[in-house]
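Reading through the structure tokens given below for one structure.
Ligands are counted one by one from 1 in listed order, and the atoms in each one are counted from 1 as well.
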Amino acid sequence: MNTSVDFCGKIFKNPVITASGTFGSGQEYSQFVDLNKLGGVVTKGVANVPWEGNPTPRVAEVYGGMLNAVGLQNPGIETFCNRDIPFLQKYDTNIIVNVCGHTKQEYLDVVERLQQEDVDILEINISCPNVTAGGLSFGQDPKGVEEITKAIKKIAKQPVVMKLTPNVTDIKEIAKAAEAGGADGISLINTLTGMKIDINRRSFVLANKTGGMSGPAIHPIAVRMVYEASHAVNIPVLGMGGIMNADDAIEMILAGASLVSIGTANFVDPTTTVKVVEGIEEYMRKYNVSDIKELVGAVR
Ligand SMILES: Cc1cc2nc3c(=O)[nH]c(=O)nc-3n(C[C@H](O)[C@H](O)[C@H](O)COP(=O)(O)O)c2cc1C
């Protein structure tokens with residue numbers, strides 16, 4: 001039985017990786033999960049300088065998931081390179097660094113710095129709903145997506161995966177723009193913009209007023225978007241959004257994802273990633289699937 005996947009020229013021992021912002025760089029989770037068992041770890045978004053993030057409260061539970069407006073709090077690329085990358089290099093797993101910025105130059109500064117580092121893939125977050133400039137504004141305009149992808153591709157030695165927002169009318173156009181810009185792959189979905197109001201205080205639950213919705217309630221939307229995007233482009237797709245167990249992950253793979261990211265589920269059960277790896281193997285045994293590639297995009 002072969003569960004390994006070639007994604008953008010990198011070999012993943014299985015298709016299960018973490019979702020940015022929900023797993024740190026694995027330090028805390030390594031108490032619960034053997035990181036060697038994962039296809040890869042995607043780190044929290046990192047910027048050129050430290051970001052404080054948004055004021056609190058910045059997370060809230062909602063039906064079928066959560067809202068977050070963390071605002072990409074991060075220690076900046078220098079600390080990240082000195083602290084997080086050496087930690088992850090101790091493990092036999094792929095390192096995918098999630099990159100964020102307010103402006104094109106800020107993204108490029110981070111990518112430039114990462115050229116000196118031994119990391120496998122760059123995931124470029126052009127889809128965060130929680131920062132006022134950059135992020136989402138790049139990701140919602142096909143021209144903007146193509147331009148920033150081109151600029152990053154010019155300097156990156158690692159494969160570049162553009163992370164797309166679901167907060168658009170037509171995901172196919174955005175996926176095509178990333179491909180036109182030279183992206184090696186795309187990942188989706190980031191969170192959907194939501195809002196929660198406290199009726200007793202008659203005010204917003206999140207200090208930021210809006211937040212990104214994640215968790216099982218967004219899964220059907222994510223499956224639909226991964227299906228549409230994977231049919232629109234010829235580059236591989238990393239699928240995520242509300243994957244809580246192996247069945248959800250298999251559904252995403254059948255829709256067209258070569259790899260899957262587990263996000264919010266880590267907060268419910270920190271061992272979800274390894275359980276999904278085991279569940280996929282069980283499914284393959286049950287249905288006599290000898291190679292996971294047979295499942296990718298098998299439902300057309
Ligand atoms: C608390 C939190 C922080 C996140 N931080 C990031 C981030 O730094 N960069 C990014 O690209 N996505 C970030 N995301 C989005 C997730 O990576 C993922 O795309 C989204 O949550 C959908 O997957 P899920 O439903 O499995 O959580 C974050 C999500 C959550 C819940």
Protein contact to [atom] [nearest heavy atom, distance to 0.1 Å]:
atom: atom 13 (C) of ligand 1; value: Ser20 O, 3.1 Å
atom: atom 21 (O) of ligand 1; value: Ser214 CB, 3.3 Å
atom: atom 15 (C) of ligand 1; value: Asn190 OD1, 3.4 Å
atom: atom 3 (C) of ligand 1; value: Gly21 O, 3.4 Å
atom: atom 12 (N) of ligand 1; value: Lys163 NZ, 3.0 Å
atom: atom 24 (P) of ligand 1; value: Gly242 N, 3.5 Å
atom: atom 26 (O) of ligand 1; value: Gly263 N, 3.1 Å

Identity of the nearest option to atom 2 (C) of ligand 1, non-hydrogen atoms only, from Leu192, Leu188, Thr165, Asn68: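 It is Asn68 that holds the nearest heavy atom.
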
Winner among Val46, Thr191, Val42 once heavy atoms are compared against atom 20 (C) of ligand 1: Thr191

Under 3.5 Å, N or O to N or O, is [X] touching ligand 1 that way?
X: Asn125; value: yes
X: Val70; value: no
X: Thr264; value: yes
X: Lys44; value: yes
X: Ala19; value: no
X: Met240; value: no
X: Ile262; value: no
X: Thr22; value: no

Side chains of Asn36 and Asp34, donor plus acceptor under 3.5 Å: yes

Parallel, tilted or perpendicular: ring planes of Tyr29 versus Phe32, cut at 30 and 60 degrees: perpendicular

Parallel, tilted or perpendicular: ring planes of Trp51 versus His102, cut at 30 and 60 degrees: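 The rings of Trp51 and His102 lie parallel, inter-plane angle below 30°.
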
Look at the side chain of [X] and the backbone N and O of [Y], then say whether any donor-acceptor pair between them is shorter than 3.5 Å.
X: Asn266; Y: Gly263; result: yes
X: Thr93; Y: Leu38; result: yes
X: Ser258; Y: Phe7; result: no
X: Lys13; Y: Asp92; result: yes
X: Ser20; Y: Thr43; result: yes

Ion pair Lys293/Asp291, N-O distance below 4.0 Å: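 Judged by the 4.0 Å cut-off on N to carboxylate O distance, Lys293 and Asp291 do form a salt bridge.
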
Salt-bridge contact Glu61-Lys196 (side-chain N to carboxylate O under 4.0 Å): no

Is there side-chain contact between [X] and [Y], with at least one heavy-atom pair below 4.5 Å?
X: Glu173; Y: Val168; result: no
X: Ile121; Y: Asn94; result: no
X: Asn68; Y: Arg58; result: no

Ligand-residue contact atoms, ligand 1 with Gly215, heavy atoms, under 4.0 Å: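 So the answer, numbered in order with elements, is 25 (O).
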
Proximal ligand 1 atoms for Gly241, defined as those under 4.0 Å from one of its heavy atoms: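 The atoms of ligand 1 under 4.0 Å from a heavy atom of Gly241 are 22 (C), 23 (O), 25 (O).
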
Close approach of Ala265 to ligand 1, heavy atoms, under 4.0 angstrom: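 The answer is no: ligand 1 sits nowhere under 4.0 Å from a heavy atom of Ala265.
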
Ile189 heavy atom under 4.0 Å from ligand 1: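 Yes.
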
